[in-house]
Amino acid sequence: MAAASYDLRFDSGRLCLDLVATAEPAERLDGPRRLRAWLAGAGLVPPGMPLDAVDAGWLGRFQAARDLLHRLVHAEVAGRAADPDLERLNALAATAPPAPRAVRGADGRLVRSLAGPPDCGELLGQIARDAVDLLTDSVARGRLRQCEGESCSLVYLDTSRGRRRRWCSSEVCGNRERVARHRRRTVGGQALKG
């Protein structure tokens with residue numbers, strides 16, 4: 001089943017790349033409600049964590065961080081330097097991530113919680129640290145791929161066996177390519193008959 005262009009996606013292989021994916025093919029973080037959904041879906045906050053503080057200010061900061069990560073990751077894939085952006089990334093990464101806690105859930109089992117309400121800077125710091133880890137790990141960096149989809153520029157971490165993954169998502173771009181290939185064969189076959 002293909003994902004709608006507005007669906008939040010978490011299939012790039014890394015937290016920082018999942019944030020970058022929120023701008024492709026269209027803006028997916030179009031308001032605080034969508035940012036709250038992304039934060040929960042990405043696992044940055046425990047399930048059910050109140051995110052009442054998330055507002056337009058948070059949204060702007062996450063979009064700015066996403067743009068920074070987009071430039072850095074695409075520059076890395078293309079083999080270009082992006083040193084001014086690296087300085088900005090390092091400044092974001094210097095912010096401590098939110099402190100996790102283990103607490104008893106309603107059923108008595110241990111569940112993950114945060115020591116306090118999440119702070120925008122702390123969550124951005126966690127994403128920035130993920131990006132630093134990705135970009136400084138030569139093995140992981142070597143697995144970065146740009147989607148071969150016709151109109152897709154997403155970058156993902158290729159963890160497939162044999163490292164031959166071609167698309168950001170088999171269900172999205174891979175399906176589009178298979179449909180287009182089928183149409184070309186069908187049209188080509190009909191042209192030969194005519």
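No experiment lies behind these values; they were computed from the predicted model shown. Just so you know, residue 1 is the first one in the sequence shown, and it goes up from there.
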Check your understanding: Can you check side chain to side chain contact (heavy atoms under 4.5 Å, CB included) on L144 and L17, steps first, answer last?
Key -> CA-CA 10 Å; L144 286 174; L17 298 177; 3.9 Å; yes
Practice item. Can you see which heavy atom on C168 is nearest to which on L154, and at what distance? Key: SG-CD1, 3.8 Å
Check your understanding: Within a strict 4.5 Å, meaning less than it, do heavy atoms of the L123 and P98 side chains meet?
Key -> yes
Check your understanding: Atom CG of L89 and atom CG of D83: how far apart are they, to the nearest 0.5 Å?
Key -> 12.0 Å
**Study point:** Closest approach of P32 to D55 (non-hydrogen atoms, all atoms of both residues)
**Key:** CG-C, 3.7 Å
Point to revise | Modelled atom types, side-chain donor and acceptor of S153 and Q146, under 3.5 Å | key: no
Review point. How far does SG of C16 sit from CG of D130, to the nearest 0.5 angstrom?
Key: 4.0 Å
Review point. Are L72 and Y156 connected in a single hydrophobic cluster, I mean Ile/Leu/Val/Met/Phe/Trp/Tyr linked by side-chain heavy atoms less than 4.5 Å apart?
Key: no
Check your understanding: Given L44 and L15, is the side chain to side chain contact (heavy atoms under 4.5 Å, CB included) satisfied, shown in steps?
Key -> CA-CA 9 Å; L44 273 168; L15 175 62; 3.8 Å; yes
Review point. Which heavy atom in D52 sits nearest to a heavy atom in R36, and how many Å separate them?
Key: O-NH2, 4.5 Å
Check your understanding: Is there a side-chain contact between V54 and R33, using heavy atoms and a 4.5 Å cut-off?
Key -> no
Check your understanding: Are the side chain of R28 and the backbone N or O of D7 linked by a donor-acceptor pair below 3.5 Å?
Key -> yes
Practice item. Say whether T159 and R143, considering side chains only, have a donor N or O and an acceptor N or O under 3.5 Å apart. Key: no
Review point. When rounded to the nearest 0.5 angstrom, what is the spacing between CG in L59 and CD in Q63?
Key: 4.0 Å
Check your understanding: Got a salt bridge between E27 and R66, using NZ or NE/NH1/NH2 to carboxylate O under 4.0 Å?
Key -> yes
Study note, to complete from the structure: G43 and R112 have their tightest heavy-atom pair at O-NH1, 3.5 Å
Review point. Which atom names give the shortest non-hydrogen contact between M49 and S113, and what distance separates them?
Key: CE-OG, 4.4 Å
Revision key, fill the gap. Distance col, row L29:CG vs W58:CH2, nearest 0.5 angstrom, shows 13.0 Å
Review point. Do you know the tightest heavy-atom contact between P50 and P118?
Key: O-CD, 4.2 Å
Point to revise | side chain to side chain contact (heavy atoms under 4.5 Å, CB included) evaluation trace for T22 with F62 | key: CA-CA 10 Å; T22 64; F62 270 83; over 6 Å; no
Check your understanding: Ion pair present between R145 and D158, side-chain N to carboxylate O less than 4.0 angstrom?
Key -> yes
Point to revise | Spacing of L92 atom CG and I127 atom CD1 [to the nearest 0.5 Å] | key: 9.0 Å
